[in-house]
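Structure, as structure tokens:
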Amino acid sequence: MAHKTYTDYFFDKTAFNTLDGGYIPLKVNKDAPAQPLAIPALHPADSEDADHVEYTVTAKAGEVQMLPGKPTKTWGYDANVLGQTIVFKEGQHVTIHLKNDLPELTTFHWHGLNVPGPYVDGGCHAPVYPGETKDIEFTVKQPAATLWLHAHPCPETAVQVYKGLAAMVLVRDAQEEKLPLPRNYGVDDIPVILQDRHFNRQNQWDYEADYDPDGVQGPTAVINGTVNPYFDVTTTRVRLRILDGANRREWRLHFGDDHEFAQVASDGGILPGPVYFTHLMLTCAERAEVVVDFSNYAVGDTVTLYTDDTPLLAFRIKAKNDNGHGELPEKLVDIPRLVPNPDLPIHKVIMSGMDEEVMLDGKKFDMQRIDSTQELGATQIWEIANTNDMTGGMIHPFHVHGGQFQIISRNGHAPYPNELGWKDTVGVNPREKVRIAMRFDFAGVFMYHCHILEHEDGGMMAQIEVIDPSKPRPKYKLMDHHTLMTAFAKERGVSMDDMWIGAMGSYKKMGMHM
């Protein structure tokens, strides 16, 4: 059947990170040989039945042989780097034992998961200290999606993610299982975690040496913790679950021969119908599930995925086994549109500044401050504005904890064609206002922020309290800056005056406090 194929990236080209003064271009690391793409193992459950699953997830230090010579020291979740892929099923009750085997405190943030806040959500108010185990429980109440787990201990989110604390989380449901999509994990259903790193002469990642308040970048692409990866394709169709897991970098994806692919899901799940692309851009923390049809290639061919002009991942056609999925249907799922309450005011969010001057609504993040409130279950219009200049400004990816939203418009116009599903992160162009319909299904305190990790650590973040009017308003125990800094200093064996935390320079320059 005929369909429209989109051939541009949609976003404002004058704000691509390639034009930023601190941009670090990617280049092929010639020190590393081509190697198979690492596929994160599926995380084993401690126990599971139809109604309940129990996991123990451990943050730990490790090392990985990414380049010839010394192995790179890394952190991960039950893995040396990144983490084992955790699978939930819609409707299941989940118990997770969060274990910290790192030398310093961390948090476990379930990015995109619809859960209560602030403790289950795992932002900065849910620290797990070295040697400690904390338990969380929740019931999965959202459709099948590709989500992720990452550290979120403000203002050290960026460095802990940079060290490797990021893992994929998959939600499965009965509706997605009926769709004609590849789902044989590791064979035709492949996680693709896009990151970039700078390796020093000892093959290590030195975050302090590479620090940039506008976002740390590196010249080497690292995909699933692999440098110069290839994947041996053995089926006619492959589903790629792509995550922009970088601190700062945007990824403008295309195949070397501009081969078409179909996006079938965004951050929060399956799209109403497939959207066909030759070029696709992801901003930090966004996810896209795409289906690639390799049936027209011959055994022995290689098809390479690029970002801009840099090769990322080579697909080597090793076999052409029919995995039972033909042309995608025009319709995938029904997604009822959220209807905002017309009596509620528009919740306006302003992202401003660059470098150390980043702010949200004219303020930097304060861990003890509640910036806004919303009633549980109410749907409200949020308007997110990026005040950066059209020339010299940057795209800010905006993320809300604790739920998924729907995009209403961009500067009064329709959203991009692949933005008609559930989202938790949206890239906002300079001088653009994006309107979303936001509803929370759980009460609690949640953060919302730019997902350039150095920007959120540097204060481009705020907090909303979602209030259940049928219950007394609880008093949450929110982490405070002094307690957090004291813990980091003690764990590192330094005085607070001698402790380096890059993001705190943003506060000092602006004469503000966290």
Side-chain angles (χ1 to χ4, degrees), residues 3-11 13 16-19 23-39 182 187-197 217-246 249-264 274-283 286-321 323 327-328 417-418:
H3 56 252
K4 181 175 178 61
T5 301
Y6 296 94
T7 60
D8 62 74
Y9 294 119
F10 299 119
F11 285 92
K13 292 181 180 180
F16 284 179
N17 62 347
T18 53
L19 303 177
Y23 177 70
I24 296 176
L26 288 174
K27 58 184 179 181
V28 176
N29 192 317
K30 296 181 180 179
D31 294 331
Q35 48 196 322
L37 177 71
I39 304 295
V187 177
D188 62 11
D189 187 352
I190 310 301
V192 180
I193 302 174
L194 302 173
Q195 297 179 312
D196 56 320
R197 296 291 184 269
Q217 304 168 81
T220 299
V222 182
I223 317 301
N224 292 2
T226 314
V227 178
N228 294 345
Y230 63 84
F231 180 77
D232 286 341
V233 177
T234 59
T235 57
T236 53
R237 287 173 174 82
V238 173
R239 177 186 193 170
L240 305 177
R241 298 176 183 262
I242 306 173
L243 158 66
D244 182 345
R249 190 174 298 275
E250 303 151 5
W251 303 85
R252 281 168 288 275
L253 303 172
H254 62 96
F255 287 99
D257 59 355
D258 286 342
H259 183 56
E260 180 187 87
F261 51 89
Q263 183 176 350
V264 296
V275 183
Y276 293 86
F277 292 97
T278 58
H279 293 68
L280 175 66
M281 177 167 155
L282 294 180
T283 63
E286 287 190 296
R287 284 89 67 207
E289 296 181 32
V290 305
V291 173
V292 188
D293 184 350
F294 290 107
S295 60
N296 289 334
Y297 294 98
V299 172
D301 286 348
T302 297
V303 188
T304 301
L305 181 68
Y306 282 75
T307 181
D308 295 325
D309 297 325
T310 304
L312 295 177
L313 174 58
F315 292 91
R316 307 192 314 188
I317 313 301
K318 289 295 183 179
K320 296 181 66 176
N321 298 315
N323 49 340
E327 195 167 349
L328 293 168
N418 58 339

Test side chain to side chain contact (heavy atoms under 4.5 Å, CB included) on Asp8 and Tyr6 and set out the steps. CA-CA 6 Å; Asp8 62 74; Tyr6 296 94; 5.6 Å; no
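- Here Arg287 pairs with His111, Asp424 under the side-chain hydrogen bond (donor to acceptor under 3.5 Å, both in side chains) rule; sequence neighbours left out.
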Go through Leu243 and Val192 one step at a time and tell me if the side chain to side chain contact (heavy atoms under 4.5 Å, CB included) criterion holds. CA-CA 6 Å; Leu243 158 66; Val192 180; over 6 Å; no
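- Under 3.5 Å, the side chains of Glu260 and His3 contain a donor-acceptor pair of N or O atoms.
- No donor-acceptor pair closer than 3.5 Å links the side chain of Thr220 to the backbone N or O of Asn29.
- Residues that satisfy the side-chain hydrogen bond (donor to acceptor under 3.5 Å, both in side chains) test with Asp188, not counting sequence neighbours, are Asn323.
- Residues passing the side chain to side chain contact (heavy atoms under 4.5 Å, CB included) test with Val28, sequence neighbours excluded: Asn228, Pro311.
- Residues passing the salt bridge (Lys or Arg N to Asp or Glu O under 4.0 Å) test with Asp308, sequence neighbours excluded: Arg252.
- No donor-acceptor pair closer than 3.5 Å links the side chain of Asp196 to the backbone N or O of Pro219.
- Residues satisfying the side-chain hydrogen bond (donor to acceptor under 3.5 Å, both in side chains) test with Glu289, not counting sequence neighbours, are Thr146, Arg239, Arg241.
- Panel note: side chain Gln195, backbone Val222; no donor-acceptor pair is recorded below 3.5 Å.
- Residues satisfying the side-chain hydrogen bond (donor to acceptor under 3.5 Å, both in side chains) criterion with Gln35, sequence neighbours excluded, are absent altogether.
- With hydrogens and angles ignored, the 3.5 Å screen pairs a side-chain donor or acceptor of Asn321 with a backbone N or O of Thr234.
- Between Tyr297 and Phe294, the ring planes are tilted. Angles from 30° to 60° get that label.
- Here the side chain of Asn224 pairs no donor or acceptor atom with the backbone of Thr226 at under 3.5 angstrom.
- The minimum heavy-atom distance linking Phe277 with Thr5 is given by the pair C-CG2, 4.1 Å.
- Across every non-hydrogen atom of Asn418 and Gln263, the tightest pair is ND2-OE1, 2.8 Å.
- The aromatic rings of His279 and Tyr9 stand perpendicular to each other, their planes meeting at an angle above 60°, with 30° marking the opposite boundary.
- Arg249 places none of its side-chain heavy atoms less than 4.5 Å from the side chain of Thr307.
- Defined by atom type and a distance below 3.5 Å, a donor-acceptor pair is present between the side-chain atoms of Ser295 and Asp293.
- The line from CD1 of Ile193 to CG of Asp244 is 11.0 Å long, rounded to the nearest 0.5 Å.
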Show the numbers, then the answer: is there a side chain to side chain contact (heavy atoms under 4.5 Å, CB included) between Phe16 and Glu250? CA-CA 8 Å; Phe16 284 179; Glu250 303 151 5; 4.3 Å; yes
